[in-house]
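The structure appears right after this line, and notes come after that.
In what follows, chains carry the letters A, B, and so on, assigned in the order in which the sequence lines appear, proteins first and then strands, with residues in each chain numbered from 1.
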There are 2 protein chains.
Amino acid sequence: MDHPPGRTPARVKDRPTWLISRTFARSSGLLAAGFESRGRGLRSYHYRLLAALDEWGPASQADLGRGTGIDRSDVTAALSELESRRLVERSVDPAHRRRNIVTITQAGVEQLLELDNVIDGVQEQVLKPLTTAQRRQFIALMAKLLATEDESPNG
Amino acid sequence: MDHPPGRTPARVKDRPTWLISRTFARSSGLLAAGFESRGRGLRSYHYRLLAALDEWGPASQADLGRGTGIDRSDVTAALSELESRRLVERSVDPAHRRRNIVTITQAGVEQLLELDNVIDGVQEQVLKPLTTAQRRQFIALMAKLLATEDESPNG
DNA sequence: TAGGCTATGTTGGTCGGGCCAACATAGACT
DNA sequence: AGTCTATGTTGGCCCGACCAACATAGCCTA
């Protein structure tokens with residue numbers, strides 16, 4: 001993730017795609033460190049699922065997948081891990097017996113709050129080199145960069 | 001990579017780390033598409049290695065690894081693939097018989113130029129939503145974000 | 001009512017980028 | 001001579017992201 005002595009080939013090092021990938025590496029490295037130190041072995045999928053359940057209330061696995069952008073199969077796996085930690089409960093939807101209704105537990109809510117803190121700290125670390133105004137700019141630029149995605153599928 | 005109907009949990013969707021990860025997903029998706037269409041099955045490791053060899057001249061695998069930030073073992077694998085396509089040649093360093101001297105071939109240079117074109121096109125696609133001034137800002141902000149890495153190891 | 005279609009959860013893969021451990025051995029340094 | 005480091009290589013792991021296939025529940029329609 002670091003390659004510090006790094007010269008980096010010239011045709012690589014100034015390209016936006018390269019900067020983006022380094023930025024992501026930095027961000028996800030800090031995130032991973034945060035999860036490792038206070039995340040009890042959970043990963044980003046778990047956080048996204050807990051967050052979705054907390055905000056949207058109980059949901060089926062398929063809905064969770066659609067809402068979070070996580071593949072159905074990965075949702076299944078991640079939920080099993082959350083369930084074994086009692087952070088989440090699965091029950092069959094009586095109206096639709098093929099469907100599971102997933103609910104966040106009290107312990108899940110608490111874990112989520114803890115992860116919130118970890119992640120908020122990481123935001124600070126990631127943006128540390130920038131001034132407040134620059135942070136705002138940076139965020140706005142990324143938002144604009146991504147805005148197309150929402151409007152035109154496959155855009 | 002897309003998750004278009006995506007609402008995305010609120011505590012997730014506005015965090016810089018999330019925007020960074022989406023930006024990266026967009027960028028690397030476009031890159032992958034470019035490599036697939038005109039990259040003859042090569043991937044980013046191959047490009048980085050070819051670029052390094054082209055710019056720095058023949059080098060040992062260890063030096064390539066250090067220069068590009070690619071792990072020694074991955075350098076070995078990627079070079080084998082490049083070698084089998086005749087884009088690169090390995091020869092034993094007579095002065096240090098444990099060391100390989102890797103050289104880019106003419107075909108390698110040509111492939112590199114082709115990849116350059118592909119990748120330049122991707123830069124354009126990635127930044128398309130931004131104005132020229134915004135692109136400059138965005139690049140400058142990322143450069144600043146990453147500048148710490150060079151100065152303080154593990155920073 | 002029977003047949004087909006879709007949605008759901010699950011299993012079991014693949015891939016790329018990034019790591020790490022272990023090993024044999026070539027050179028260097030003591 | 002003995003130790004230490006550097007090199008290339010093999011083989012593994014992890015995470016995030018996909019995909020294919022499957023059984024089956026529920027639907028909608030011929």
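Comment: A:Asp116 engages B:Arg15 in a salt bridge, judged by a side-chain N to carboxylate O separation of less than 4.0 angstrom.
Nearest-nucleotide assignment on DNA chain D puts the 5′-proximal partner with B:Ile101, out of A:His96 and B:Ile101. Comparing A:Asp74 and A:Arg99 by the nucleotide of DNA chain C that holds the closest heavy atom to each, the one mapping nearer the 5' end is A:Arg99.
Residue B:Asp63 contributes atom CG, which lies 8 Å from atom P of D:dG8 at whole-angstrom precision. Atom CD1 in A:Ile20 sits about 17 Å away from atom C1' in C:dG17, given to the nearest Å. One interatomic measurement links the two molecules: CG of A:Asn100 to P of D:dT24, which rounds to 16 Å at whole-angstrom precision. For the pair A:Phe35 CZ and D:dG16 C1', the interatomic distance rounds to 13 Å; values are reported in whole Å.
Considering only side-chain N and O atoms, B:Arg43 lies nowhere under 4.0 angstrom from the phosphate OP1 or OP2 of C:dG18. Between B:Gln61 and the phosphate of D:dA6, there is no side-chain N or O to OP1/OP2 separation shorter than 4.0 Å.
A:Arg98 contributes a side-chain N or O that forms a donor-acceptor pair with the base of D:dT24 under 3.5 Å. With hydrogens and angles ignored, no donor-acceptor pair closer than 3.5 Å exists between the side chain of A:Ser21 and the base of C:dG17.
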From CA spacing to verdict: side chain to side chain contact (heavy atoms under 4.5 Å, CB included), B:Val92, B:Asn100: CA-CA 5 Å; B:Val92 175; B:Asn100 284 342; 4.2 Å; yes

